[in-house]
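Heads up: the structure comes next, in structure tokens.
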Amino acid sequence: MRDLSPQGARSFLFNIKEALMSKQEEYEHSQLYRIRHSTSHIMAEAVLEKFPTAKVAIGPAIEDGFYYDFDLPRSLTPEDLTEIEARMKELICEGQAFVRQEITAQQAKELFKDQPYKLELIGGLEQGGLDEDGNPTDERIPITIYTSGHFTDLCRGPHVQNTREINPDAVKLLNVAGAYWRGDEKRPMLQRIYGTAFETKEQLDGYLWKMEEARKRDHRKLGKELDLFSQNDEVGQGLILWHPNGAMIRHEIERYWDDEHIANGYDFVYTPHIGRSNLWETSGHLGFYKENMYSPIVIEDQEYYIKPMNCPFHIQIYKSAMRSYRDLPIRYAEKGTVYRYERSGVLHGLMRVRGFTQDDAHHFCRPDQMPAEIDFILSFSLSVLRAFGFSEVSAYLSTMPQKSVGDPALWADAEQALEEALKRAGLPYELDAGGGAFYGPKIDLKIKDALGREWQLSTIQFDFNLPERFGMEYIGEDGQPHRPYMIHRALLGSMERFFGILIEHYGGAFPVWLAPKQAMLIPIADRHLDYAYELAKRFKQAGLRVSVDARAERMNAKIRDAQNAKVPYMLVIGDREMEAGQVALRRRSGENPGAMSVEEFLALAKQEIVEKI
RNA sequence: GCCGGCGUAGCUCAAUGGCAGAGCAACCGCCUUGUAAGCGGUAGGUUAUGGGUUCGAUUCCCAUCGUCGGCUCCA
């Protein structure tokens, strides 16, 4: 654990930022980074051999590998990738040296005269101010080229000395995808080949295993297999149908969410799905968010918009009465369903949809209450996330951007409150300077799932804009009107996305409290059916979700099916159990505790439900 | 939205310019079973939709819709 205490003039924030940057820099200086970057050059060499007229763009190393973008005479096929990969391995085995050379812009232009993308890059380097990715930089960058084999590339490096440092058995091309030149949708679409490289074959296999594992846990796959949710052509893209199993899980999530909110001083509100255009004009959404909103519905000559956010409604509830400083903080919570236009290409299972339910809340407080309110939101959020098995949480703190509204002094206050709350919560965080919304700074919380992948869930956003626009007030101790602070907060984000993350986190094997079916009663023969039904009734009365598998199947088949449905408890009932008034427990894990009394099983189940395991 | 791939029974997947098939699931029987699939039978299709080429299209071409991998954008 790093010492996080401030030292001298160096702020805590600075330390953290430095620590995180050095992690990135560490990678950029590693041998693995060189291997990947060099492998991408080898790939370009192989591609140019195959397509001599190809235009090359850029080919960096990235987090899990590398890519290279090409402008090619035709679309690549999977067979091309196999061929290119095979050729790459040959090139690697040739033991090509990587030779660095510094040249002038003039020489570079001559060398790459047939490569328009390179010429554009050279232009950027020549003028300065732009690095090879087109990002602004103050550095004066020398123009360097690297030659390996028959391929010379404009490149900053670094590279391996020789391809002998690359393990040909630890190199693999993964897929082809379209990518805009310089990420700009107005520029040409190039073909990007993704690949990866490691130092050893074992590491590559480990990576591929992880990819395979992620594929197996894909929420879209499990959603179908476990009958949790679906989408439907006739209903429309990005609109989710929650099936009974998924809906039961959502119900349990919401029940817990409700209980926790009530216990923590929130008031529930419910608001409509549409609102008049005036509302959205006042809120500013028609000004800055219109491209994400659906076309209006006209009712008696008035335009109504389907809501993309809940905040204007909550504000109107606040404004429905005169508020005293004594009333604050006010915390309005709503699982509010919103609709946003998303481009068809970005939709993805439950993770990115067009209609979703935010677990939304708006906090209104006095300036003096603000630090405590942030503290509260943060610790409340962490405790709820923990209940879902997410104990590894980290944060992004995003501060004032160039364009912003609100008094800079208020921004500074808010940013400080956010930062100190993070410190008190002991959360590791990263600073995204200038990354806040125009209306306020924010904290985003991200969690790590069972596969170590990070997902952003919660967001805690200050808003200096809406209270102003809506003219929100409270009467202070001095008898004068004052403007309240407003904080938006989504804890799980959206029910859809959270559910998707949860499915993948648990691999479909939900803890007992969430499992749509908690126990399956498995009678061995028909003569055990009555006893099974009697038990089922009793378990249901005790609040358990159970079924009897009464099919004319072998016990083995029933176990197999319950196992595949990831039911946590299988209760086998045969002559012995019936006689002794017992059940024989088999767990989803394969663990087989065996026969126990009905009371024992109930106590065990209740315990695990309470403990959320 | 853009580039590319894909779309065959409820699900997972075959096949071919010339009668569209399997396993699982469903349904009907038989079996009455001890910790991951008992056996037999029946039914199930305008091959996503709409055009075109062809004597003939599920197969080839075009468009639309959906979906997958990315890009861009984001809860």
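A note on names: the letters A, B, ... follow the listed sequences, proteins ahead of strands, and every chain is numbered from 1.
As judged by a 4.0 angstrom heavy-atom cut-off over every strand, A490(A) is placed among residues making no nucleic acid contact. Residue K558(A) is out of contact with every strand shown, counting any heavy-atom pair closer than 4.0 Å.
Applying the 4.0 Å criterion to OP1 and OP2 of rU67(B), one finds that Q237(A) has a side-chain N or O inside that range.
One atom, NZ of K221(A), and another, P of rC68(B), lie 15 Å apart when rounded to the nearest Å.
The side-chain hydrogen bond (donor to acceptor under 3.5 Å, both in side chains) check on S283(A) picks up H285(A), with sequence neighbours excluded. Every salt bridge (Lys or Arg N to Asp or Glu O under 4.0 Å) that E212(A) has, sequence neighbours left out, goes to R215(A).
Distance noted for atom C1' between rG51(B) and rA57(B): 13 Å (whole Å).
Counting only Watson-Crick or G-U wobble pairs whose defining distances are both under 3.5 Å, the stems of 3 or more consecutive pairs in RNA chain B are B:1-7 with B:65-71, B:10-13 with B:21-24, B:26-30 with B:38-42, B:48-52 with B:60-64.
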Treat primed atoms plus P, OP1 and OP2 as sugar-phosphate and everything else as base, then score nucleotides 28-35 of chain B 5' to 3': B for base contact with protein heavy atoms under 4.0 Å, S for sugar-phosphate contact only, - for none.
---BBBBB
Under a 4.0 Å heavy-atom criterion, the protein footprint on nucleotides 69-75 of chain B, written with B, S and -, is BBBBBBB
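The six-membered or imidazole ring of H261(A) lies away from that of Y332(A), with a centre-to-centre distance of 6.0 Å or more.
Remark: R217(A) engages E213(A) in a salt bridge, criterion side-chain N to carboxylate O under 4.0 Å. Salt bridge absent: E553(A) and R560(A) never bring a charged side-chain N and a carboxylate O closer than 4.0 Å.
When each of L492(A), D444(A), L445(A) is checked for a side chain to side chain contact (heavy atoms under 4.5 Å, CB included) with S458(A), only L445(A) meets the rule.
Remark: nothing in residues 247-256 of chain A comes within less than 4.0 Å of RNA chain B through any heavy atom.
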